[in-house]
Amino acid sequence: MAQCVQSVQELIPDSFVPCVAALCSDEAERLTRLNHLSFAELLKPFSRLTSEVHMRDPNNQLHIIKNLKIAVSNIITQPPQPGAIRKLLNDVVSGSQPAEGLVANVITAGDYDLNISATTPWFESYRETFLQSMPASDHEFLNHYLACMLVASSSEAEPVEQFSKLSQEQHRIQHNNDYSYPKWFIPNTLKYYVLLHDVSAGDEQRAESIYEEMKQKYGTQGCYLLKINSRTSNRASDEQIPDPWSQYLQKNSIQNQESYEDGPCTVTSNKNYDSNLLSLDGLDNEVKVDGLPNNFRAHPLQLDPSSDTSNSIDGPEHVKSTSSLHETKKANIGIIHGACLTLTDHDRIRQFIQEFTFRGLLPHIEKTIRQLNDQLISRKGLSRSLFSATKKWFSGSKVPEKSINELKNTSGLLYPPEAPELQIRKMADLCFLVQHYDLAYSCYHTAKKDFLNDQAMLYAAGALEMAAVSAFLQPGAPRPYPAHYMDTAIQTYRDICKNMVLAERCVLLSAEILKSQSKYSEAAALLIRLTSEQNTWKGMDSDLRSALLLEQAAHCFINMKSPMVRKYAFHMILAGHRFSKAGQKKHALRCYCQAMQVYKGKGWSLAEDHINFTIGRQSYTLRQLDNAVSAFRHILINESKQSAAQQGSFLREYLYVYKNVSQLSPDGPLPQLPLPYINSSATRVFFGHDRRPADGEKQAATHISLDQEYDFESSQQWEELEEEVVALVNKGVIPSSFHPTQYCLNSYSDNSRFPLAVVEEPITVEVAFRNPLKVPLLLTDLSLLWKFQPKDFSGEDNEEVKELVTSEPEMIGSEVISEFLINSEESKVARLKLFPHHIGELHILGVVYNLGTIQGSVTVDGIGGLPGCHTGKYSLSMSVRGRQDLEIQGPRLNNTKEEKTSIKYGPDRRLDPIITEEMPLLEVFFIHFPTGLLCGETRKAYVEFVNVSKCPLTGLKVVSKRPEFFTFGGNTAVLTPLSPSASENCSAYKTVVTDSTSMCTALTSSASSVDFGIGIGSQPEVIPVPLPDTVLLPGASVQLPMWLRGPDEEGVHEINFLFYYESVKKQPKIRHRILRHTAVICTSRSLNVRATVCRSNSLEDEEGRGGNMLLFVDVENINTSEAGVKEFHIVQVSSSSKHWKLQKSVNLSENKDAKLASREKGKFCFKAIQCKEKEVASQSSEKYTFADIIFGNEQIISSASPCADFFYRSLSSELKKPQAQSSVHTEKQSMEDAVKLIQKCSEVDLNIVVLWKAYVVEDSKQLILEGQHHVILRTIGKEAFSYPQKQEPPEMELLKFFRPENTTVSSRPSVEQYSNLIKTSLHYPESFNHPFHQKSLCLVPVTLLLSNCSKADVDVIVDLRHKTTSPEALEIHGSFTWLGQTQYKLQLKSEEIHTLQLKACFVHTGVYNLGTPRVFAKLSDQVTVFETSQQNSMPALIIINNV
């Protein structure tokens, strides 16, 4: 139980006090009424004695009484009615609320920290009022009157005669059978005569003389002169007299002034007196109705006889405050009690009570106890007093008590007043009232036995109850508290006597006693036992009682040694429920709020929902609308496990309450709505127009849109492309003010700076909503909430900054979504647009909308409600307008030490764009743009550039990581018109018809790479778009041709184009704009081209100088027939080089038509010669010679667009690849130079372009595709490919556990490189006829040509001796021999050709290989000699015939 102001040792004596009746004459009542008090009220603050009092018990032992209090009350002749008591208790509880600002106890139990009110004053008030308002009954005498004060005034004509009348009146009330109420303790009631004297108005001498007369008649012990009203009330008082009555009367005014608006319970009002204040002190059961005559007929707790008492008052509808109540309260605020009394008067009243108790009441009680004791001794025939005899009874054998169930129902048994059993009970009650608990216990125990023997169960239960209380209150605690007595008493009252009031008193007393012994568990069980009963008390619902007891049980659980927190919370919920049923809304709300502390955040979501729902409803009933909204909000925002129907109900309640709140302040700020959830960090902001859809063959640039997912790698690539073009525009340096353009801001983008938006271009904000409920939510009139500050960024600062919010459409236009439906548990994004019409700073604050719900499957007026419409009555009426803010937390800072050690977040400014001046806006459309190509296929498409803004644009460039994929044509392309035949065949190439005579011989032309944008130091990725006049005016559009070439690898390729452009008028904020396009091309396999080049053995060409090479080209058709390609025709092979050109085709085949069906391979051989010296000399280093060898009847001019474009682009991308660097060591510089010279001999810069046509059948139509493949030859003898080779992964190596010795790699050239240093050639007749029969030796002259291929001097050794390595070699070479000198040493100058005349000697006919001379070479300034390998050259075969 909760802590109480009084301990149980103080509570029980204060609850059972001697009762004294007061009977006043009208004049005496008038004197006290000058102070706005009745006589009984006048005495109330002074009714407790300030000193100890003594009395003697029947054994003549002195007994001390401490803190004795008496209760003085007016005589009431009607018992109180249950309905009135019920109303009184209801009012007491509702009038007592927790004090404002009361500091609650913080109890920590486990992981709970609970704020719990330590005291429950409403329960104490209820208990006090309940105990004091109990009607007197016949089976106990505790609240029967022991004495009667007869009060008359000294100002009356005949005061003594008035006393006689009052005495007769008292006698008549007590002894006349017409009055069954009030109850009197004994027939011989003490009468005490009080003469009231008004000091300020009366005659003091007369008063004294009357008092003397009274003393003569009644004795000094039986009368008293009480002087009051020492000052007049109308005189202004200088001193402030305390008002000790207010604490009693204030409580009473709460209890007695509240009347029900439509309830049946009304308090009888006084018609004769001007103040209709009914005073009832629950503490002392003293009731006074103003101005009524002494012979009272009605109890102030009497119901109006005309009303129907069967109506329940505890229903929630009945507790209402009326206007009259408020008026009464207002009227009572100014009343001052005791205005005519001075402090001396206070002392006089206090002295009067002392005198009455010492001289009148206590002697009377002492005498009565003695009389009762004597009667009992004489009746029982006992020689000793009961007091001494009881010891013997209790020490002997105990009589077994029958169980309650065995006793038959004899609660109706009544004893006559003079029955000896009742005399014992009277004596026990008297002893109890004067705190003689030992004697009281003995008497109760004796009476209990007698009653049980007579089976008088009501009497027995009363004796058991008081015996238990007496045993507990005995000083020194000689025996333990007999809790089983109380249990038996409660069971008897409840089950046999059906008297819930007495049972409740037992529970209240016993629970207090158990609590004082820290037996909280037993106390809680006791309290709960009474609440579980469904019995009603005389028609009254037990809700209020159950609520209070359940609350006390909850406090028992929390006050245990180890607090039972969940039991506390559960019983608080039960208490709150019963409070609610009893109409105590405030207490119900308080209980639920206390319990909520336990259930909150512990995962008990259904319990939490129930509590919040109830708190919401109760708060709404009490007009605490903010609390109601908050509670309903909690139900909706937590992840609810409720059913859809329940959630719908919660939502409707919330909307209803919310609507009421918003109606209270219609002009106030829009409130924050809890639904739907908004994932603020997922908010995306897009600057610009939506992308146009594809229109036929026209496809708009993909650019960027909210439909695209964020990809980190992709965004990095776009940034790199932009940086590349910006660096080029700014002469290779990226400006410090440069930041990558961001059109779409999201949680991954850098949002630390204010984004820039352009005036008249829409801003789209994508808000991510989520509906956590199982019911759909309908948002209507959804739009963005913003704040705008118009500013001029031109430099002049405006002094005044206007701030506008949402109401100026001419500044910022807002898009409104009329209906936005979010289905149950759905996540959905809404895209809301703003249209800025003015420059300045925009701040997007949040969203504003009407929240409502729809009736999904419920039919409204017989029409099925569709999920998409809100035509139902409910959704239209039940929607509330509110807002939700978009608050985005920036990224956590982690740069400085301070930021790392603390949690700090940077700003996120994606919702705060700066609106800048107009900028040009480019739109790009691709016409006839393919989605699938063969590898190497060329296709012509068109690009349309449109300026859709009001500003001209210039400086248009396009940048891509794959420049080899496309070209706008070189500088020559626009000047040279396409040949007619090319346009007829829709060819992408520039062609010339040739005659058949030129077949197999090369047609040469030349072109400079500078013309195709591939110059020295240029960036091939950045391509200027050749706009006419370099400017695109507002609204203008231009179409340009664009050639595409399929990438060499098969598969899906994403090719990014970034278009860069600037405004003609330079803007301070935005320097340039970009447009992105991602082309997706799927390529399928076509041809595979391999080529090798080797030196020709012939040393003479048409010009009579060396330097011929043979070029071998293998072309394989690797196309799978899925693409519908029938066959490939190789239509032309072209070379492009600065130093070499193709001369002719040396294919022996006569078949000029080079066709390749699926999986076929074709071999081509070409002769290449060096360009003429004068050509090379006259050309710049960027001039390339193109030579075309044609296999058809059309020459494709390979030096024109687009063939040359693609060639140059592939060449530049090849050059960008890292070349294998030969390792350089710190040896002699001359060695390095020599190596370079030797390596240079094997280098060649010959590039091959293979042009082809493919015949494709598609939809029964034949199409001709064309394309080109490039092979870049760098080294003699090394095979080169048209497609990139896959690197084989290195084989796994064994792990080495020791460090290998650091061997320096020698920088010697490889054997292949040395073999190319000297070129050798043998000149001899193919066949030689010799008559062996005439001459046995055949001599054949052979010329050996030695050509130095390098630019350095070379020492050469020619060794003609046969190398004897194996017997097989001997067989071959032994058949002929070289005659003459066997070794020659020569020095060849740079590129010198030297001839040696040799003779070979044969002895047999046959075929001989003359290629046996071994040639050794070294650079003149080097030491090492190397043999040049001749394995690559053709065998030099000679046939020797015999004639």
Side-chain angles (χ1 to χ4, degrees), residues 934-937 999-1000 1002 1045-1050 1083-1097 1108-1121 1125-1137 1140-1168 1187-1192 1196 1198 1203 1206-1207 1210-1211 1214 1242 1244-1255 1265-1288 1312 1431-1434:
L934 293 172
C935 292
E937 181 190 346
M999 295 289 272
C1000 298
R1045 177 176 177 270
D1048 288 318
E1049 301 117 335
E1050 69 164 329
T1083 54
S1084 47
R1085 293 193 286 186
S1086 56
L1087 295 178
N1088 179 5
V1089 182
R1090 304 159 174 238
T1092 43
V1093 64
C1094 58
R1095 295 194 186 277
S1096 166
N1097 278 339
N1108 297 350
M1109 284 196 298
L1110 289 177
L1111 175 66
F1112 298 96
V1113 180
D1114 288 3
V1115 184
E1116 183 185 0
N1117 176 0
I1118 55 169
N1119 177 260
T1120 50
S1121 54
V1125 180
K1126 245 181 6 178
E1127 57 185 7
F1128 285 89
H1129 288 221
I1130 310 301
V1131 293
Q1132 184 172 315
V1133 176
S1134 301
S1135 70
S1136 170
S1137 170
W1140 295 87
K1141 62 182 179 183
L1142 290 181
Q1143 188 194 29
K1144 62 182 179 181
S1145 167
V1146 291
N1147 269 24
L1148 299 175
S1149 162
E1150 290 300 316
N1151 180 12
K1152 298 288 184 289
D1153 195 6
K1155 290 183 186 174
L1156 293 176
S1158 181
R1159 293 291 174 187
E1160 281 187 351
K1161 189 186 279 190
K1163 275 185 178 290
F1164 298 88
C1165 180
F1166 303 97
K1167 182 179 178 185
D1188 302 337
I1189 291 179
I1190 306 153
F1191 294 102
I1196 295 172
S1198 56
C1203 182
F1206 290 126
F1207 160 68
S1210 68
L1211 187 65
E1214 189 70 28
S1242 60
V1244 64
D1245 64 333
L1246 180 60
N1247 309 300
I1248 303 297
V1249 181
V1250 176
L1251 293 123
W1252 49 264
K1253 285 187 180 177
Y1255 291 86
L1265 307 178
E1266 50 196 351
Q1268 61 188 72
H1269 279 77
H1270 312 119
V1271 183
I1272 294 168
L1273 291 158
R1274 291 269 174 271
T1275 313
I1276 292 174
K1278 190 174 177 184
E1279 193 171 30
F1281 302 89
S1282 66
Y1283 59 95
Q1285 294 298 100
K1286 286 179 184 167
Q1287 292 289 324
E1288 288 295 323
E1312 288 83 3
Q1431 301 303 322
N1432 294 343
S1433 59
M1434 305 287 285

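These numbers come from the heavy atoms of this one structure, side chains and all, not from hydrogens, waters or symmetry mates.
Here the side chain of Thr1083 pairs no donor or acceptor atom with the backbone of Cys935 at under 3.5 angstrom. Remark: the backbone N or O of Ser1136 is paired with a side-chain donor or acceptor of Asn1247 at under 3.5 angstrom.
Side-chain atoms of Phe1191 and Val1133, non-hydrogen and from C-beta on, do get closer than 4.5 Å to each other. Using a 4.5 Å cut-off on side-chain heavy atoms (C-beta onward), His1269 and Asp1048 make contact. Using a 4.5 Å cut-off on side-chain heavy atoms (C-beta onward), Arg1159 and Ile1118 make contact. You'll find the side chain of Ile1130 reaches within 4.5 Å of the side chain of Phe1164, heavy atoms only. Ser1135 is not listed as a side-chain neighbour of Trp1140, based on a closest heavy-atom distance of 4.5 Å or more. For the pair His1270 and Leu1211, the minimum side-chain heavy-atom distance is 4.5 Å or more.
With rounding to the nearest 0.5 Å, the separation of CD in Glu1116 from CZ in Arg1090 is 7.0 Å. Separating the NE2 atom in His1129 from the CG atom in Leu1156 is a distance of 9.0 Å, to the nearest 0.5 Å. Distance check: Glu1266 CD to Trp1252 CH2 gives 8.5 Å after rounding to the nearest 0.5 Å. Atom CG in Leu1265 sits 10.0 Å away from atom OG in Ser1086 (nearest 0.5 Å). To the nearest 0.5 Å, atom CG of residue Asp1114 and atom CG of residue Asn1088 are 9.0 Å apart. To the nearest 0.5 Å, atoms CD (Gln1268) and CD1 (Ile1196) are separated by 8.5 Å.
Taking all atoms of both residues into account, the shortest heavy-atom contact from Val1244 to Met1109 is CG2-CE, 3.2 Å. When all heavy atoms of Lys1278 and Leu1273 are compared, the closest pair comes out as O-CD2, 4.3 Å. When all heavy atoms are compared, the tightest approach of Asn1119 to Arg1085 is ND2-O, 2.6 Å. The two residues Ala1157 and Glu1127 make their nearest non-hydrogen contact at CA-CB, 4.3 Å. Nearest heavy-atom pair, Leu1111 versus Ala1091, reported as atom, atom and distance to 0.1 Å: CD1-CB, 4.3 Å. Here the shortest heavy-atom pairing between Phe1112 and Cys1094 reads CE1-SG, 3.4 Å.
In this structure, a donor-acceptor pair under 3.5 Å is present between the side chains of Ser1134 and Asp1188.
Exactly one residue among Val1093, Val1249, Ile1248 makes a side chain to side chain contact (heavy atoms under 4.5 Å, CB included) with Val1271. That residue is Ile1248. Of the residues Val1115, Ile1272, Leu1087, Val1089, the one that meets the side chain to side chain contact (heavy atoms under 4.5 Å, CB included) test with Ser1282 is Val1089.
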